[in-house]
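Just below is one structure, and these are the notes that go with it.
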Amino acid sequence: MHRWSQLFIPTLREAPADAEVASHKFLVRAGYIRQLAAGIYSYLFLGNRSFNKIMAIVREEMDKIGQEFYLPALHPRELWEASGRWSLIGENMFRLKDRKGADLCLGFTHEEVMTEIARKELRSYKQLPQIWYQIQTKFRDEPRPKSGLLRVRQFIMKDSYSFDIDAAGLDASYLKHRQAYKNIFDRCGLKYMVIEAHSGAMGGSQSEEFMVRTPAGEDQIVSCEKCDYAANMEKAISRLEPVSDLAAEGDGKPLLVHTPGMKTIEEVAKFLGVAPNNKIKTLAYVMEEKDKKSGKASTRPVIALMRGDHQLNETKLLTALAGKQTRLMQEEEIVQLFKSPAGFLGPLGVEWASNTNEADKPILLVDSALKGRTNLISGANKEDYHLKNVTPGRDFQPSAYADLRSVSAGEPCPKCGAPLRIDTAVEIGHIFKLGYKYSESMGARVLDKNGKEVIPIMGSYGIGIERILTAAVEQSNDENGFSLPLQIAPFDIVVTPTNVSDEKIRSAAENLACRLLEKGYDVLLDDRDERPGVKFKDADLVGIPFRVNVGKKVTDDTVEVVRRSTREIQDVSIAAIIEYFEQNLRPAR
RNA sequence: CGGGGAGUGGCUCAGCCUGGUAGAGCACCUGGUUCGGGACCAGGGGGUCGGAGGUUCAAAUCCUCUCUCCCCGACCA
């Protein structure tokens with residue numbers, strides 16, 4: 001029997017001054033966690049119990065599709081050099097040296113270790129498919145840990161990796177995970193969304209994220225108010241409302257107009273009496289490339305054209321450039337390329353690469369929203385001048401058209417046309433088809449049916465354990481604390497005798513708690529010699545879903561059952577209490 | 001890394017401007033009265049004022065350096 005009086009549950013009346021988001025404040029106040037350093041937390045009794053319940057659910061569902069491993073947290077440098085990520089990851093990786101001076105790192109993730117095992121051990125297609133998972137600590141030296149457990153430097157992650165002989169196999173492994181994840185998050189009692197995700201510049205064909213809406217989140221997600229369309233900002237698209245082109249002026253060819261001092265889209269549009277969507281926005285970036293052989297760094301201009309009222313999404317730009325990093329162009333570089341100061345830039349008068357692979361010439365990427373438009377206004381590459389009658393494809397040739405635009409709230413859903421909404425959310429899980437990235441670079445090979453050597457195809461799938469608890473708290477808090485879903489709460493029921501010095505009350509509570517315990521419920525008996533108000537406040541704070549108040553009504557053989565989530569109070573006779581929970585609690589577990 | 005804020009008892013904070021050797025509330029310990037939504041009375045314990053250096057007869061307070069934490073931004077396989 002867990003007796004509150006003997007336990008360490010350090011609840012606080014006030015939140016620590018440095019806590020900002022609800023889950024951080026309440027998890028500290030409720031005695032679940034304590035901070036040790038920036039982004040590093042100790043999990044105390046209640047927190048640990050909750051995490052154990054979450055991990056038990058994850059294990060049960062993962063065991064249906066895969067096998068659990070336990071892997072090292074310390075990795076040798078060589079392992080990470082094999083995949084190329086020792087230098088790629090940079091400062092986000094915790095690195096250390098052993099006594100001999102050899103370089104090690106703390107496990108940032110486990111693709112490398114898993115692939116190393118696969119490389120050494122997998123020989124034949126007959127051994128495939130494999131799904132291996134682990135629930136372990138990851139270390140990331142985040143530049144800015146924040147929001148309590150939401151962004152930390154040490155955290156528990158369930159990650160799994162699938163190895164298949166071909167793409168069809170990967171599809172199957174991916175779908176197995178998708179289903180397992182739904183089972184897990186459903187059982188954890190979370191309201192979540194599955195959204196299309198940007199799969200990263202490093203290959204990967206399909207990717208979805210499991211997101212929980214909360215203002216505490218760091219990600220922006222786009223979803224449809226009517227249908228099931230949902231995607232993250234880097235991936236989201238929308239239908240465009242039709243816009244009207246301007247009529248051609250003069251002979252219809254690009255026409256120079258004087259626009260003194262008009263630099264912004266708004267200024268020019270207003271000055272010329274046109275809508276911003278008739279304007280071309282010209283954004284200048286620089287792509288920095290390294291020659292693979294010589295190692296020499298070189299730069300190459302990348303110009304992105306957007307509709308005047310649209311925003312460029314830099315991740316989409318990155319995708320359009322096959323993962324090559326860009327930075328904004330400096331003023332001197334702009335003048336060098338365009339012979340004009342910023343504010344009057346446009347696509348005419350510069351010789352562009354005919355496609356994105358053609359070297360040496362600047363790349364001109366044009367957002368798809370400009371495709372088919374005519375008689376637009378662009379900068380003239382001449383101070384204080386713009387051009388009218390600019391028509392893409394006629395007056396200039398893009399290197400490529402691409403989707404570069406960030407979706408805005410209210411735009412029509414690409415599937416059904418209903419308005420899209422944008423919310424902040426927390427990512428609790430991510431599944432994606434990795435492809436051959438690690439198996440190829442690290443040299444994993446198996447023989448297929450024909451005795452031919454093939455590279456196994458991989459998938460990678462993660463769940464943030466702490467984020468499940470955090471998201472649950474974010475979803476269910478009120479002014480008194482939070483209310484955890486039954487499945488992940490540290491206890492099912494707290495039994496609260498209102499006065500332990502009243503022998504009748506004390507023994508009735510004791511008795512009742514024992515009976516519930518025997519039935520297999522997780523029961524916490526609040527046997528502290530405290531006033532009722534203190535106990536009620538604490539019980540509300542720590543989020544246990546059910547509370548049984550044992551008070552004066554014991555003389556009538558009656559107790560009260562209080563549901564934390566709804567505040568609903570019900571009198572139940574002591575004789576019927578087991579029956580009550582068998583009906584109201586058991587089915588939810 | 002850029003910008004902003006904060007380090008004073010376990011927690012929340014006052015004191016700092018204008019130097020004189022540390023306070024409040026909560027928490028904790030003892031005794032008593034209480035006992036259905038964070039009780040009351042009496043007594044008590046606990047702080048090298050983040051650290052180092054400097055100025056001064058004297059530094060929580062002024063100056064310099066440094067460490068840590070939080071927030072915004074950048075970043076985020």
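Throughout, a chain's letter reflects where its sequence line sits, starting with A, and its residues are numbered from 1. Source: prediction; values computed, not measured.
- With hydrogens and angles ignored, no donor-acceptor pair closer than 3.5 Å exists between the side chain of A:R144 and the base of B:rG3.
- Checking B:rG38, B:rA77, B:rC35 against the side-chain heavy atoms of A:L541 singles out B:rG38 as nearest.
- You'll find that the side chain of A:A37 is closest to B:rC69, out of B:rA27, B:rC69, B:rG25.
- Nucleotide B:rA6 is matched to B:rU68 when pairs are restricted to Watson-Crick or G-U wobble geometry with both distances under 3.5 angstrom.
- Each of A:D538 and A:Y41 was assigned the nucleotide of RNA chain B with the nearest heavy atom; the assignment lying further toward the 5' end belongs to A:D538.
- Checked by distance alone, A:R531 brings a side-chain donor or acceptor within 3.5 Å of a matching partner on the base of B:rU34.
- Annotation: B:rA59 and B:rG19 have their C1' atoms spaced 6 Å apart (nearest Å).
- Each of A:S460 and A:K146 lies near RNA chain B, and the nucleotide nearest A:K146 is the one positioned closer to the 5' end.
- The heavy-atom pair separating A:E81 from A:W86 by the smallest distance is CG-CB, 3.6 Å.
- Using Watson-Crick or G-U wobble geometry with both donor-acceptor distances under 3.5 Å, B:rC49 finds no partner in any strand shown.
- For the residue pair A:H430/A:S207, the side-chain donor-acceptor check at 3.5 Å is satisfied.
- With hydrogens and angles ignored, a donor-acceptor pair closer than 3.5 Å exists between the side chain of A:D540 and the base of B:rG37.
- Below the 3.5 angstrom threshold, one finds a donor paired with an acceptor across the side chain of A:R29 and the base of B:rG38.
- Under the Watson-Crick and G-U wobble criteria, each requiring two contacts below 3.5 Å, nucleotide B:rA27 is left unpaired.
- For the 3.5 Å distance criterion, the side chains of A:T558 and A:D571 fail to qualify, holding no donor opposite an acceptor.
- Under the Watson-Crick or G-U wobble criterion, with both distances below 3.5 Å, B:rU34 is left unpaired in every strand shown.
- Pairing for B:rC17 is absent, with no Watson-Crick or G-U wobble pair whose two atom distances lie under 3.5 Å.
- Rounded to the nearest Å, the gap between the C1' atom of B:rC41 and that of B:rU34 is 11 Å.
- For the C1' atom pair drawn from B:rG46 and B:rG36, the interatomic distance equals 34 Å after rounding to whole Å.
- Base-pair partner of B:rC75: not found among the strands shown (Watson-Crick or G-U wobble, both distances under 3.5 Å).
- Using cut-offs of 30° and 60° for the angle between ring planes, the A:F139 and A:F94 rings count as perpendicular.
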Next item on the list: Just do the side-chain contact (heavy atoms from CB on, under 4.5 Å) check on A:R140 and A:F155 with the steps written out, would you?
Entry: CA-CA 9 Å; A:R140 296 182 189 182; A:F155 57 98; 3.9 Å; yes
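- Across the C1' atoms, B:rA77 and B:rG3 are found 28 Å apart, a figure rounded to whole Å.
- The backbone N or O of A:D526 lies less than 3.5 Å from a partner atom in the side chain of A:K535, making a donor-acceptor pair.
- Using bins of under 30°, 30° to 60° and over 60° for the plane-to-plane angle, the ring pair A:F491/A:F45 lands in the tilted bin.
- Here the separation of B:rA58 from B:rG20, taken at their P atoms, is 14 Å to the nearest Å.
- Under 3.5 Å, the side chain of A:E560 and the base of B:rG36 form at least one donor-acceptor pair of N or O atoms.
- Donor-acceptor pairing under 3.5 Å, judged by distance alone, is present between the side chain of A:R140 and the base of B:rA77.
- With both ends at atom C1', the span from B:rG44 to B:rG54 equals 40 Å, rounded to whole Å.
- Of the candidate nucleotides B:rC35, B:rC69, B:rU12, B:rC69 has the atom nearest to the side chain of A:Q35.
- Listed nucleotides: B:rA74, B:rG38, B:rG36. Nearest to the side chain of A:P532: B:rG36.
- A:D219 places its CG atom 11 Å from the P atom of B:rA77, with the value rounded to the nearest Å.
- Of the candidate nucleotides B:rC26, B:rG36, B:rA74, B:rG36 has the atom lying nearest to any side-chain atom of A:K552.
- On the C1' atoms, B:rG15 is 11 Å away from B:rC49, given to the nearest whole Å.
- Spacing between B:rA60 and B:rG51 at atom P, rounded to whole Å, works out to 11 Å.
- Distance from the side chain of A:R13 is smallest for B:rA27 among the nucleotides B:rA27, B:rC69, B:rG25.
- Pair check for B:rA59 finds none; no Watson-Crick or G-U wobble contact set falls under 3.5 Å.
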